[in-house]
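Both backbone and side-chain heavy atoms feed into the values below; hydrogens, waters and symmetry mates do not. Numbered from 1 within each chain, the chains take letters A, B, ... in sequence-line order.
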Amino acid sequence: MSALQPVRGTHDLLPDEARRHRAIEAAAFACAGRAGFGEIATPIFEFTEVFARTLGETSDVVTKEMYSFTDRSGDSITLRPEGTAGVARAFLSGGLAQHLPLKLFYRGPMFRHERPQKGRLRQFHQIGVELLGVDNPLGDVEVLALAWRILSDLGLGAKVRLEINTLGDAPSRAAYRETLLAFLSGHIDQLSQESRQRMERNPLRVLDSKDEGDKRVVANAPLIHDSLTPEARDFFAAVTNGLEALGIPFEVNPRLVRGLDYYSHTAFEFTTTALGAQGTVLAGGRYDGLIGMMGGPPTPGIGWAAGVERLAMLIDEPPMPPRPVAVVPMGDGLLGLKIAESLRAAGVSVDMAFSGNLKKRMARAAKLNARFAVLLGEEELARGHVSLRDLDAATQTEVPLDGLVERLAQAE
RNA sequence: GCGGGAGUAGCUCAGUUGGUUAGAGCGCCAGAUUGUGAUUCUGGAUGUCGCCGGUUCAAUUCCGGUCUCUCGCCCCA
């Protein structure tokens, strides 16, 4: 293991890639802001308890994927594997129950000790939203509409598919669990080893097994929809009706389940076929029980998170940086920098190379996609002028140095 | 965590049936042109052949281990 290598599953965001990430986060936050979501930034680590309690003691995330360590005070600390638990904790420790309903947007790095693959990293980035204090299915619809708006704005509307399901309320889920377990027990000899384990830990997971034998069994399994209480059924109908009313395309997938314990009612995923086994690009659901589970007042919540790296892989061209003006000194570099600074002060993007002859500097200007070059030739300067070259039109005029800033600030 | 594939220059890759200075294209730097973006021409730099060990007179090449990436599984954004 070389000390100069990044830790397994981590990577550097070089400028092109960083720009892509920033564009995604900016587009998402712009959409979220228009819908009334404000940004929240919680710490990237919490006491281990925060995640262990909320994610479920037996979930994979808790049992094998957490980056946990003991700090110098002897406390067990964990790098956050997802965003919702930290937001819920902030909600409680910040006394935010006074401000319900709350619309929150977050972004930042998450950490999971998994085996890396394309689209799966140990440090990755998510954007996400949480809507707290709303038990109305309209909340689900609005949060889904926001996700759809963001993906559409990123140009991914045609590349993703929304699948949605309901996990029911607590009574529905308990009843369904019994029904499903009874059914699976009758076919246990046809189930894969993994699914037999799933029956003990999280029976719903058997439903979305990729094993062919499991799929045959599951095809005839009872569905949660038949175990729903009238309330849960109405709730789900209100969500799907809302999506239809807003013209958001979706498909009900009765076998869609969620890994984390805190979900109830609505569960959904936006998936793509373009990323191999890591096809989920944005996912979330309702978690009415979470805050109560953490010891707070019963507070409904719904939200989602999206993987920025996965979104970035679906976006073809990174957005272009703003086109600069290239300042090209021929003699005194300091004069060039002075002019560059006055242009920058006026809001113009300016680049000036530190070395190179005129030809090199012009080539560099072209490479930077500069719009104009300001050439500081001694002859013009002697007359108080500079040459202003339009690099698109390949034309050049002499302009007084005095009016240069105004002229270029206007051209922007 | 389990199973498969890969690793040679900044990038894409060739190559060595084990043998002296390891190559191409693109890119980069410099010059031809001490005042102009393309093309062309000339010159140049960059590799511990992923890492460690073994076999051998000799290993980038063969063997073992390891690391990283990658595909699938588990799971997930």
Do A:Asp214 and A:Ser195 get their side chains close enough for a donor-acceptor pair, meaning under 3.5 Å? yes

Determine whether the side chains of A:Glu130 and A:Thr84 contain a donor N or O and an acceptor N or O closer than 3.5 Å. yes

Protein-nucleotide distance (A:Arg120, atom CZ; B:U70, atom C1'), rounded to Å: 13 Å

Nearest nucleotide by nearest heavy atom, which residue falls closer to the 5' end of RNA chain B, A:Leu282 or A:Gly9? A:Gly9

Can you figure out which of B:C76, B:A77, B:C2 approaches the side chain of A:Arg115 most closely? B:C2

Options B:C28, B:C76, B:C71, nucleotide nearest the side-chain atoms of A:Gln117: B:C71

Which nucleotide sits closest to the side chain of A:Lys118: B:U70, B:G72, B:A77? B:U70

Assign each of A:Leu375 and A:Thr10 to its nearest nucleotide of RNA chain B by heavy atoms, then name whichever residue's nucleotide is nearer the 5' end. A:Leu375

From B:G3, B:C28, B:G37, pick the nucleotide closest to the side chain of A:Leu391? B:G37

When you measure from the side chain of A:Arg389, which nucleotide among B:U70, B:G37, B:C74 comes out closest? B:G37

Within residues 21-34 of chain A, find the residues that approach RNA chain B with a heavy atom at under 4.0 Å, and present them sorted by residue number. none

Check A:Asp208, A:Leu207, A:Leu223, A:Leu256 against A:Asn165 for a side chain to side chain contact (heavy atoms under 4.5 Å, CB included) and give me the one that passes. A:Leu256

Examine A:His225 together with A:Phe236 and report whether their ring centres are nearer than 6.0 Å. yes

